Amino acid sequence: MKSIRNFLIIVLLSVICLVNFVAALHGYQRSMQQADQLITQQLRDAGQLLLQLYEIPATDPENESNQTHFGRQPKPASHAGLGDDLLFQIWRDNQLIALSSNAPQQRFAEARSAGAPQRFYRGKQWRYEFVHQPPLVMIVAQNNDRYTQLIETMIVESILPIIWVLPFIGILIWLIVKRGLGPLRNLAKRLQQRGDNDLSPIENHHYPEEITGVATAINQLMQRLELAFERERRFAADAAHELRTPLAGLKVNLHNLVQQAQQDQSNESLETIWALEAGVDRMSHSIEQILALHRFSPEQFNTHLESIELVPLVQECIAESYTLINQRAQTIELISSPCNVRGDRFALTTVVRNLIDNACKYTPQGGKLIVSVGTRQKVIFIRVEDSGPGIPEREQQRVTSRFYRVGGDSHHSGIVGSGLGLSIIESITQLHRGQLSLSRSEQLGGLCAQVEIPVDPRDQKASL
Amino acid sequence: MNLLLIEDDAVLSAALCKALRAEGFVIEAVLNGRDALSHCKALMPEIAILDLGLPDIDGVKLLKQLREVHRQLAVLVLTARDGTADKVRALDAGADDYVIKPFETAELMARLRVLSRRLGTAESALIEIAGITLDLNSHNVTHDQQLLELTRREYMLLKALMENAGRVQTKEALERRLYGWGEEVASNTIEVHISNLRKKLPERFIQTIRGVGYTVSKD
């Protein structure tokens with residue numbers, strides 16, 4: 001069933017058609033029967049009447065004159081009132097004693113058969129009846145055509161309205177079904193119109209009771225979903241706390257160990273400690289990235305959308321990443337023109353930080369990074385180019401999938417990474433209706449990672 | 001320098017105490033908010049390191065209460081939460097700095113030193129980088145024992161850069177530090193000051209990050 005409305009309309013119309021048809025058929029048959037009874041009665045009455053009119057010297061069969069007059073050559077009687085449509089014969093035993101002008105000399109019909117006897121005569125259908133008045137037998141016949149026509153006209157006249165009223169019934173049903181399904185359509189529309197994160201209950205007091213049930217069920221589902229999301233959000237925050245605090249403890253303890261080992265000048269333990277440190281760093285990096293990925297998945301994304309000046313945000317990100325860049329003796333520069341973007345500040349900061357950190361990590365010591373921010377054809381772009389090795393074209397598609405790293409875990413750079421960075425960037429970019437693209441940097445020869453976000457109409461004036 | 005560490009994780013607390021004592025800080029550690037308030041009243045530390053996720057009291061609330069009992073207290077907030085909202089909430093409540101766990105121990109030390117210098121109670125009020133010495137008490141700047149003549153704004157600019165050595169100061173951040181709200185600042189003011197400063201300092205002491213701001217290397 002594709003559409004309840006169409007289903008209801010078609011089924012209701014079909015049922016009404018069928019019922020009407022059966023009723024019409026039944027009515028037709030009943031009417032025909034009654035009409036037939038009426039005709040039989042009429043013919044008999046006419047016969048009785050005619051017999052009365054033809055007063056026959058009834059009881060004297062020896063009367064020759066009578067016989068000559070009536071029997072041998074019975075003359076057709078002419079009756080002005082009878083016309084062509086009625087004929088009769090009056091028989092005494094096997095002798096025709098009277099007949100109408102249009103009746104044949106032969107016996108019109110033998111014994112009465114069952115039902116409504118008819119015969120074909122002079123190109124017309126005749127309905128006949130016997131009237132017995134011993135010793136006389138009268139056959140009265142009537143031209144059927146006229147009656148049939150009359151009856152049919154009558155019946156058709158009474159049945160026809162049932163048929164031509166059907167379209168009106170159809171329209172009426174259509175309107176009624178449409179109105180009846182209105183609340184359902186309304187509910188569907190309201191569900192469609194709400195945002196991805198809108199889990200508020202539906203107002204259901206003005207719905208009919210059938211839909212109130214559905215709405216209540218949906219509301220309960222929404223409530224459970226919201227609880228689940230809330231639990232998940234809290235879980236993320238709790239997980240962050242639970243993991244970050246022990247990690248902080250680990251790191252401080254490692255720091256103390258390094259101090260101790262340096263005092264003791266124990267190179268062997270220093271090496272072990274550095275290996276430990278690298279492991280801890282990698283772990284904390286992965287935890288951060290997993291939390292970020294989780295936080296910026298569409299279900300979790302709490303949209304605190306605001307108009308954000310992008311240039312200061314990017315400057316801040318560069319300032320924060322600078323320690324790492326300086327450590328690697330790299331240079332970074334920002335080429336920017338002022339622009340505003342509608343988005344979530346924390347999410348966008350994460351994007352820019354990830355882009356810069358990625359570029360920094362995969363570019364060798366002493367390399368160069370260029371960050372460009374601006375607007376081009378109603379699209380805001382944030383581009384980070386580096387002088388590193390770049391990503392081969394055939395791998396560019398795959399690097400955004402979670403946990404994928406170029407060259408697998410044995411990444412040649414030996415750099416701490418979880419393979420989540422680009423995946424997070426892509427996820428956030430999509431939440432801002434933008435897209436991430438990777439290409440070869442024209443300027444520096446390395447990777448060019450670009451995030452493009454369409455300008456929000458509300459910000460258009462600001463960025464012009 | 002007296003520190004009060006308010007952190008409910010015993011392992012982290014013990015490790016931090018050890019690391020900070022090694023750096024010459026005097027440190028007292030408490031594991032919950034109630035003890036923090038009583039210790040703060042009794043010891044009157046200069047700086048409190050406050051974990052926002054304490055078991056008995058909301059961190060931001062405790063921060064306000066600490067401020068009530070000890071007005072001059074500098075507070076460095078430690079937190080496992082990294083949302084912008086949390087950060088803003090903590091800074092609004094009067095935190096002086098904000099560090100997200102897990103942090104680099106060296107980073108934490110550096111920030112504590114900046115705080116102690118700002119309080120003017122550092123044992124050494126001198127910041128020395130690559131032969132340049134900045135005395136926070138006398139406001140004198142010397143290059144290889146030679147006194148440099150700096151204007152007030154140039155001194156403030158250099159102080160901002162040297163205090164945050166190794167970190168980039170954006171042009172906007174420097175403007176905010178040098179000028180009050182509503183003061184008219186020409187768009188190239190900072191560039192002019194920097195260019196004047198550079199003439200008095202060794203080459204490449206102040207580095208430009210094009211499009212972002214300026215930095216002074218740590219070493």
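Just so it is clear, the structure is predicted and the values come from calculations on it, not from any experiment. Every chain is numbered from 1 and lettered A, B, ... according to where its sequence line falls, protein lines coming before strand lines.
- Heavy atoms of B:A22 lying under 4.5 Å from chain A are absent altogether.
- With sequence neighbours left out, the side-chain hydrogen bond (donor to acceptor under 3.5 Å, both in side chains) criterion links A:S441 to A:E385.
- Annotation: salt bridge (Lys or Arg N to Asp or Glu O under 4.0 Å) contacts of B:K159 (sequence neighbours excluded): none.
- Ionic pairing of B:D56 and B:K61 is not present here: no N-O contact between side-chain nitrogen and carboxylate oxygen is shorter than 4.0 angstrom.
- The contact between B:T215 and chain A is made entirely by side chain atoms (from C-beta outward), counting heavy-atom distances below 4.5 Å.
- Between A:Q327 and A:T323, the closest side-chain pair of non-hydrogen atoms falls below 4.5 Å.
- Comparing B:I209, B:D9, B:T170 by heavy-atom pairs within less than 4.5 Å of chain A, the highest count is held by B:I209.
- In this structure, chain B has a heavy atom under 4.5 Å from the side chain of A:N256, while its backbone stays farther away.
- Ion pairing between a basic and an acidic side chain is recognised when a charged N comes within 4.0 Å of a carboxylate O; A:K251 and B:E107 show no such pairing.
- At a 4.5 Å heavy-atom cutoff, the contact between A:E288 and chain B is made by side-chain atoms alone.
- Contact annotation for B:Q169: neither backbone nor side-chain heavy atoms come within less than 4.5 Å of a heavy atom of chain A.
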